[in-house]
Amino acid sequence: MSPIITIFRKELRGYLGTPYGWIILAFVMFLQGISLSATLKVFQIEPQKEGILFFILHAPTFWFYFLFIFPLITMRTLAEEEKTGTLESLLTAPLKTPQVVIGKYLAAYVFFMILWLPLILYPLLGSLANVYVSIFYDYTATMDTQLSYRMCDWVGSYAILFLMGAWFTSIGILCSSLTSSQLISGITTIGTLLCIYFLGLVPLIWGEFPASGIFHYISSVEHLNRFTAGLIDTRPLVFYASMTILTLALTFRIVDYRRWKR
């Protein structure tokens, strides 16, 4: 287990100890702020039955930056090592291939989760705003005027984000293992994720047909809709967990092939 932890720490420092990781964090927080601003305008016009996280994660910009996060955080994990020649020395060390891949995967996945931690501040800031208004303006927010933060929405939103993130991060690691070019790795990753995204939209575009159940089952859009509304389902859990394991197993085989090919 210690080699995995060592690689994990080294890779995580590569994200948090360099401007590259902080630029990604700033980019994500900026777009999250835009989504929050648009959501507050919606709540200002009229009360909504859905929670605020539902609107933030259904903003037009969400899927744009959500899918583009993964090539940014994974494209250099194995491709850069291959280009600089350090992958060969790493694989010839007394390390097993799964240890190398899992260490890099966990670092990328933990960094992905860190990107979404600022969302936790939104309910806290909303509560502080209500307290401030009640103290200084002698006004208590009613259920129609205060922002809606339901625990089931919060748990469901983070659950689906981390489930999708687990599989999508493993796809990025897989694409990075196929090439020595970060650019090709990034393009392959975003292309694969866009294909997965649009596969889930097939029933919406072409209507229902005998095999449409498969597309409903893999639809990330439908998973997001249900979980952010507080409807926790175990089927996406099984789907994303099994696909993550399968993708990482395929990555092991590819890296092993390149390892013994030398």
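Start at 1 with the first residue, then count along the sequence. Just so you know, these numbers come straight off a predicted model, no measurement behind them. Note: hydrogens, waters and symmetry copies are ignored here, and every other heavy atom, side chains too, is used.
Closest heavy-atom contact between Leu224 and Met164: CD1-CE, 4.3 Å. Between Thr179 and Cys175 the shortest heavy-atom distance is CG2-O, 3.7 Å. A pairwise comparison of heavy atoms in Thr61 and Tyr65 identifies O-CD2, 2.9 Å as the closest pair. Scanning both residues, Thr77 and Tyr15, for their nearest heavy atoms gives CG2-OH, 3.7 Å.
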For residues 108-121, which side-chain N or O atoms pair as donor and acceptor with protein atoms under 3.5 Å away, sequence neighbours left out?
from   : atom 1 : to     : atom 2 : distance (Å)
Tyr109 : OH     : Phe162 : O      : 2.7

N/O donor to acceptor pairs below 3.5 angstrom from side-chain atoms of residues 165-174, sequence neighbours left out:
from   : atom 1 : to     : atom 2 : distance (Å)
Trp167 : NE1    : Thr247 : OG1    : 3.2
Thr169 : OG1    : Gly165 : O      : 2.6
Ser170 : OG     : Trp167 : O      : 2.5

Indicate every side-chain donor-acceptor pair of residues 185-196 with a distance under 3.5 Å to a residue at least two apart or in another chain.
from   : atom 1 : to     : atom 2 : distance (Å)
Ser185 : OG     : Ser176 : N      : 3.4
Thr188 : OG1    : Ile184 : O      : 2.7
Thr189 : OG1    : Ser185 : O      : 2.8
Thr192 : OG1    : Thr188 : O      : 2.8

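Considering CG of Leu204 and OG of Ser212, their distance stands at 12.0 Å, rounded to 0.5 Å. Note: Tyr158 OH to Thr228 OG1 = 13.5 Å, rounded to the nearest 0.5 Å.
Test Phe66, Phe70, Phe64 against Phe68 for ring pair (Phe, Tyr, Trp, His ring centres under 6.0 Å) and you get one pass: Phe64.
Judged by the 6.0 Å and 45° rule, Arg235 forms no cation-pi pair with Tyr240.
For residues 190-217, there are no salt bridge (Lys or Arg N to Asp or Glu O under 4.0 Å) pairs, not counting sequence neighbours.
The salt bridge (Lys or Arg N to Asp or Glu O under 4.0 Å) check on Arg226 picks up Glu222, with sequence neighbours excluded.
Through ILVMFWY side-chain contacts below 4.5 Å, Ile245 is grouped with nothing and stands alone.
With a 4.5 Å cut-off on side-chain heavy atoms, Val28 and Ile69 count as touching.
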